[in-house]
Amino acid sequence: MPAVAPGAIDCDLHPAVPSVKALLPYFDDHWRDMIVQRGVHELDSISYPNNAPMTARPDWKPETGKAGVDLDRLRVEALDEFQTSLAICNCLYGVQLLYTEDMAYAYARAVNDWMAAEWLDKEPRLRASIVIPPQNPEYAAAEIDRLAGDKRFVQVLMLVMDEMPLGRRRYWPIYKAAERHGLPIGIHAGSAYRHPVTPVGWPSYHAEDSAAQAQAFQTTLSSLMTEGVFAEFPDLKVVLLESGFAWLPSHMWRLGKFWRGLRMEIPWVDRHPMEIAKDHVRLTINPRDVPPSADAVERLMNHFESDEMLLFSTDYPHWQFDGDDALPEGLSPALAQKICQDNPLATYPRLKETV
Amino acid sequence: MNVKTETRTSVDVNQSAKLAIADCDIHPSPKSVEKEIYPYLEKRWQKHNETYGLLLRQPYQNGPAYPKGQPDASRRDAYPPEGGRPGSDVKFMGEHHLDLHNVKLGVLNPLKSGQGLQNIDFAAAYCRAVNDWQISHWTSQDARLKGSVCLPYEDAALSVSEIERRAGDPNYVQAFMLIRTSEPMGQRRYWPIYEACAAANLPLAVHAFGFGGTPSTSSGWPSYYIEDMVAHAQSAQAMLMSLVMEGVFERTPGLKIVVVEAGFAWLPPLAWRLDRIWEKNRDELPHVKRPPSEYIRDHVWLTTQPFEEPDRRSHLKDTMEWIGWDKLLFATDYPHWDFDDPARLPLPKVDDATRENFFLGNALDLYGLR
């Protein structure tokens with residue numbers, strides 16, 4: 001397997017909120033009262049059942065409680081282990097799943113302030129994504145503006161399955177704010193569960209919920225491109241997190257084929273979707289839905305027609321690989337170098353400012 | 001694609017295929033529902049149709065949720081000179097498509113067949129009428145054409161009785177559903193359909209579109225027709241995922257699924273992903289005994305229209321090898337606007353036997369017509 005060279009940038013790892021108690025200091029009096037008085041439960045999404053195999057790698061799982069809550073363990077198991085120079089924290093506490101938009105706004109602010117105080121202040125290798133309430137794009141934009149001055153926040157975080165397809169104009173205030181501050185939009189696996197996680201209804205098994213994320217990323221990319229997000233915001237980048245990546249070329253072939261036949265419907269899309277993807281879309285390397293042989297992986301990599309689209313990630317503490325096998329067989333050393341360092345630096349302009 | 005095609009009798013017919021072909025996705029329509037379908041529909045349902053029409057889980061009485069890219073989603077040169085919808089005249093279709101492209105086997109997939117109607121009894125009656133009509137107006141009129149048994153698939157018992165009614169009838173080569181079901185196809189309510197198909201030795205074709213009522217993306221309804229069209233591929237992936245993960249292929253080893261008009265290049269990445277997730281969740285899936293990719297390799301065929309077109313044909317060749325050349329079935333989608341012309345298909349270079357099987361042999365083998 002290709003080794004991860006020292007100095008890699010880990011673009012997706014997951015410090016977890018241990019419990020709402022840890023967040024209480026970061027709410028204002030009103031919301032602290034509400035949470036205590038109403039006995040608000042933990043906002044743990046069904047996307048990651050706490051004891052499900054992929055939620056925590058066996059050797060990264062604590063005896064009791066959630067994985068990813070302990071900074072010391074994260075330092076040893078994720079940062080030191082892979083000798084990463086920088087790592088981007090994507091907190092998956094279920095803020096986006098709430099139905100009340102003011103409550104979601106309050107939780108987003110609390111999670112972000114908790115992230116800054118409990119993780120970023122304590123570990124200089126960590127960076128983070130800004131959690132926003134997509135329930136209300138104006139609140140979301142305000143939260144981006146509030147935190148944009150802190151250069152340790154390098155990205156805006158959304159979930160791939162929301163109330164509407166993410167290209168819808170309703171969300172554009174979020175993209176406008178992100179572009180204004182030079183922040184990519186990180187779109188992570190997960191759902192607000194407003195709709196079934198498959199386009200043919202609710203599945204039976206957690207394994208299906210995991211697998212269905214790839215289809216959600218595909219339709220989300222269709223939406224972002226056809227609605228004209230990248231025409232309206234030419235400097236915007238989106239990073240697909242925990243998305244898998246093997247599906248990207250064939251999806252672009254299909255979208256491109258229909259673009260040739262139906263571009264009259266979306267005249268603002270003036271290039272082949274694959275060309276748009278090369279300029280605007282990045283994907284993290286774990287989980288990797290790759291073929292079983294190194295030769296086939298190499299061929300798959302050629303289908304991307306670009307060595308700039310993939311970004312290193314461990315997805316810590318989720319279980320995507322064992323040991324230090326963080327990169328798939330079949331990557332050339334030059335491509336591995338691009339994935340681990342050059343591409344993340346090119347994607348996140350703020351990383352250079354803070355090294 | 002989106003063009004007014006000239007009469008092309010001068011084209012070197014099948015310069016790419018150079019041989020007789022199978023077209024595994026042709027869409028026939030009645031010239032007149034009253035004249036062609038009513039004779040097979042009970043008076044009660046004729047009256048129902050006059051009173052309420054065909055009510056689907058979508059907004060409009062007539063026409064699709066997303067206006068198409070062409071009138072009736074059709075090639076502008078496919079209107080029969082005698083009048084009627086594209087695909088409604090067996091003689092014209094014979095000349096305009098079957099003769100011109102040297103189609104030896106044409107598989108009929110009727111779309112306005114009653115499938116997906118909210119009223120399930122009406123759906124069953126309408127499907128049965130359309131199945132009768134396929135014989136009287138098509139397969140008995142042109143021996144190159146074979147029908148599909150349209151199922152009122154949201155009710156398994158009604159579907160099973162329709163399969164049993166048609167089993168053994170050489171006019172039909174497969175049973176027929178639409179991808180967008182009201183629940184994922186692997187779920188138990190549909191299992192009797194699969195057992196009946198296997199018992200009747202009928203492959204089950206699952207075609208793009210459908211009216212299950214669930215938004216066509218897992219983030220809700222998209223805005224554009226292009227999104228709706230591209231999203232058939234995601235629905236197809238979800239459909240196959242469900243069949244595998246619910247253990248349908250383990251339970252019904254004789255089941256053969258044909259994915260129609262939903263593309264094919266997405267299949268290898270889906271199989272790789274399912275294998276990885278299956279491996280880590282074996283405890284949840286004790287009924288799935290083998291890696292998902294193996295079930296897919298053994299049980300799934302795909303029609304190729306709309307043919308994926310990467311810049312480099314070698315990339316498509318990788319993909320087709322990963323799927324297995326023996327699992328791909330050529331289709332045109334006649335008379336629809338996104339028709340794939342067999343004479344102009346950007347097929348990767350392969351040996352003659354592989355190409356012949358791609359255009360014809362795979363279909364003859366699957367349908368037992370060799």
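Worth saying up front: this structure is predicted, and the values here are computed from it rather than measured. Side-chain atoms are counted along with the backbone in the values below, which use heavy atoms only and exclude waters and symmetry mates. Lettering follows sequence order; numbering is per chain, from 1.
For chain A, the nearby part of Ser182(B) is the backbone; its heavy atoms alone come within less than 4.5 Å. Proximity to chain B is limited to the side chain of His251(A), based on heavy atoms less than 4.5 angstrom apart. In this structure, chain A has heavy atoms under 4.5 Å from both the backbone and the side chain of Phe307(B). Using a 4.5 Å cut-off between heavy atoms, Ser223(B) contacts chain A through both its backbone and its side chain. Contacts between Leu285(B) and chain A at a heavy-atom distance below 4.5 Å involve the side chain alone, from C-beta outward. Residue contact with chain A, scored on non-hydrogen atoms closer than 4.5 Å, involves the side chain of Arg188(B) exclusively. Proximity to chain B (any heavy atom under 4.5 Å) is shown, for Trp247(A), by both the backbone and the side chain. Within the 4.5 angstrom heavy-atom criterion, no atom of His272(A) approaches chain B. For a residue to count as touching a neighbouring chain, one of its non-hydrogen atoms must lie under 4.5 Å from one of that chain's; by this rule Ala262(B) touches chain A with the backbone only. For Ile266(A), the part lying near chain B is the side chain, with the backbone staying farther off; criterion is any non-hydrogen pair under 4.5 Å. Of the atoms belonging to Trp322(B), it is side-chain heavy atoms, and not backbone ones, that fall under 4.5 Å from chain A. Of the atoms belonging to Asp162(A), it is backbone heavy atoms, and not side-chain ones, that fall under 4.5 Å from chain B. Both the backbone and the side chain of Arg299(A) come within less than 4.5 Å of a heavy atom of chain B. The parts of Ala296(A) that come within reach of chain B are both its backbone and its side chain, each placing non-hydrogen atoms under 4.5 angstrom from that chain. Contact of Arg263(A) with chain B is not made at all, since no heavy-atom distance falls under 4.5 Å. With a 4.5 angstrom heavy-atom cutoff, Glu284(B) touches chain A via backbone and side-chain atoms both. Only the backbone of Glu163(A) has a heavy atom closer than 4.5 Å to any heavy atom of chain B. Proximity to chain B is limited to the side chain of Glu305(A), based on heavy atoms less than 4.5 angstrom apart. Proximity to chain A involves both the backbone and the side chain of Pro306(B), based on heavy atoms less than 4.5 angstrom apart.
The candidate from Pro215(B), Ser314(B), Ala271(B) with the greatest count of non-hydrogen atom pairs under 4.5 Å with chain A is Pro215(B). With respect to chain A, the highest number of heavy-atom pairs below 4.5 Å among Asn281(B), Val230(B), Leu270(B) belongs to Val230(B). Comparing Ala216(A), Ala214(A), Ser222(A), Gly244(A) by how many heavy-atom pairs each has under 4.5 Å with chain B, the most go to Ala214(A). Comparing Met274(A), Met252(A), Gln320(A) by heavy-atom pairs within less than 4.5 Å of chain B, the highest count is held by Gln320(A). Contact tally against chain B (heavy-atom pairs below 4.5 Å) for Gln218(A), Met164(A), Glu265(A), Arg288(A): the top residue is Glu265(A). Of the listed residues Gly212(B), Gly263(B), Ala233(B), the one with more heavy-atom pairs under 4.5 angstrom with chain A than any other is Ala233(B). When Pro203(A), Gly256(A), Pro292(A) are compared by the number of non-hydrogen pairs under 4.5 Å with chain B, Pro203(A) comes out ahead. When the candidates Gln187(B), Met185(B), Arg180(B) are compared by the number of heavy-atom contacts under 4.5 Å with chain A, Gln187(B) comes out ahead. The most heavy-atom pairs under 4.5 Å with chain B, out of Met54(A), Gln215(A), Met161(A), Arg254(A), come from Arg254(A). No other option in Glu183(B), Glu246(B), Glu308(B), Met239(B) has as many heavy-atom pairs under 4.5 Å with chain A as Glu246(B). Of the listed residues Arg194(A), Arg168(A), His206(A), the one with more heavy-atom pairs under 4.5 angstrom with chain B than any other is Arg168(A).
The closest donor-acceptor contact from the side chain of Thr303(B) to the backbone of Glu261(B) lies under 3.5 Å. Panel note: side chain Arg170(A), backbone Asn136(A); no donor-acceptor pair is recorded below 3.5 Å. Under a 3.5 Å cut-off, the side chain of Ser243(A) and the backbone N or O of Leu283(A) do not form any donor-acceptor pair. A donor-acceptor pair is defined here as one N or O able to donate and one able to accept, closer than 3.5 Å; such a pair exists between the side chain of Ser313(A) and the backbone of Asn286(A). Side chain of Thr214(B) to main chain of Pro199(A): no donor-acceptor pair is present (N/O by atom type, distance under 3.5 Å, no hydrogens or angles).
Heavy atoms from other residues, nucleotides or ligands lying under 6.0 Å from CZ of Arg290(B) number more than 12.
Ring centers of His14(A) and Tyr316(A): at least 6.0 Å apart, outside the cut-off.
The existence of a salt bridge linking Arg169(A) and Glu227(A) is confirmed by a sub-4.0 Å separation between a basic side-chain nitrogen and an acidic carboxylate oxygen. Between Glu309(B) and Lys257(A) there is a salt bridge, with a side-chain nitrogen of the basic residue lying less than 4.0 Å from a carboxylate oxygen of the acidic one. A salt bridge is defined here as a Lys NZ or Arg NE, NH1 or NH2 lying under 4.0 Å from an Asp or Glu carboxylate O, and Asp338(B) with Arg260(A) fails to meet this definition. Taking a cutoff of 4.0 Å between a charged side-chain nitrogen and a carboxylate oxygen, Asp298(B) and Lys327(B) do not qualify as a salt bridge. Using a cutoff of 4.0 Å between basic side-chain nitrogens and carboxylate oxygens, Arg297(B) and Glu294(B) are not scored as salt-bridged.
At a threshold of 4.5 Å between non-hydrogen side-chain atoms, the residues Thr220(A) and Ser219(B) count as touching.
Each of His27(B), His336(B), His232(B) was compared with His207(B) under the ring pair (Phe, Tyr, Trp, His ring centres under 6.0 Å) criterion, and only His27(B) meets it.
Checking Gln115(B) against Tyr153(B) by side-chain atom types alone, no donor-acceptor pair falls below 3.5 Å. For Tyr190(B) and Glu154(B), the side-chain atoms include at least one donor-acceptor pair closer than 3.5 Å.
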Please lay out, stage by stage, how Val259(B) and Phe264(B) fare under the test side chain to side chain contact (heavy atoms under 4.5 Å, CB included). CA-CA 8 Å; Val259(B) 182; Phe264(B) 57 89; over 6 Å; no
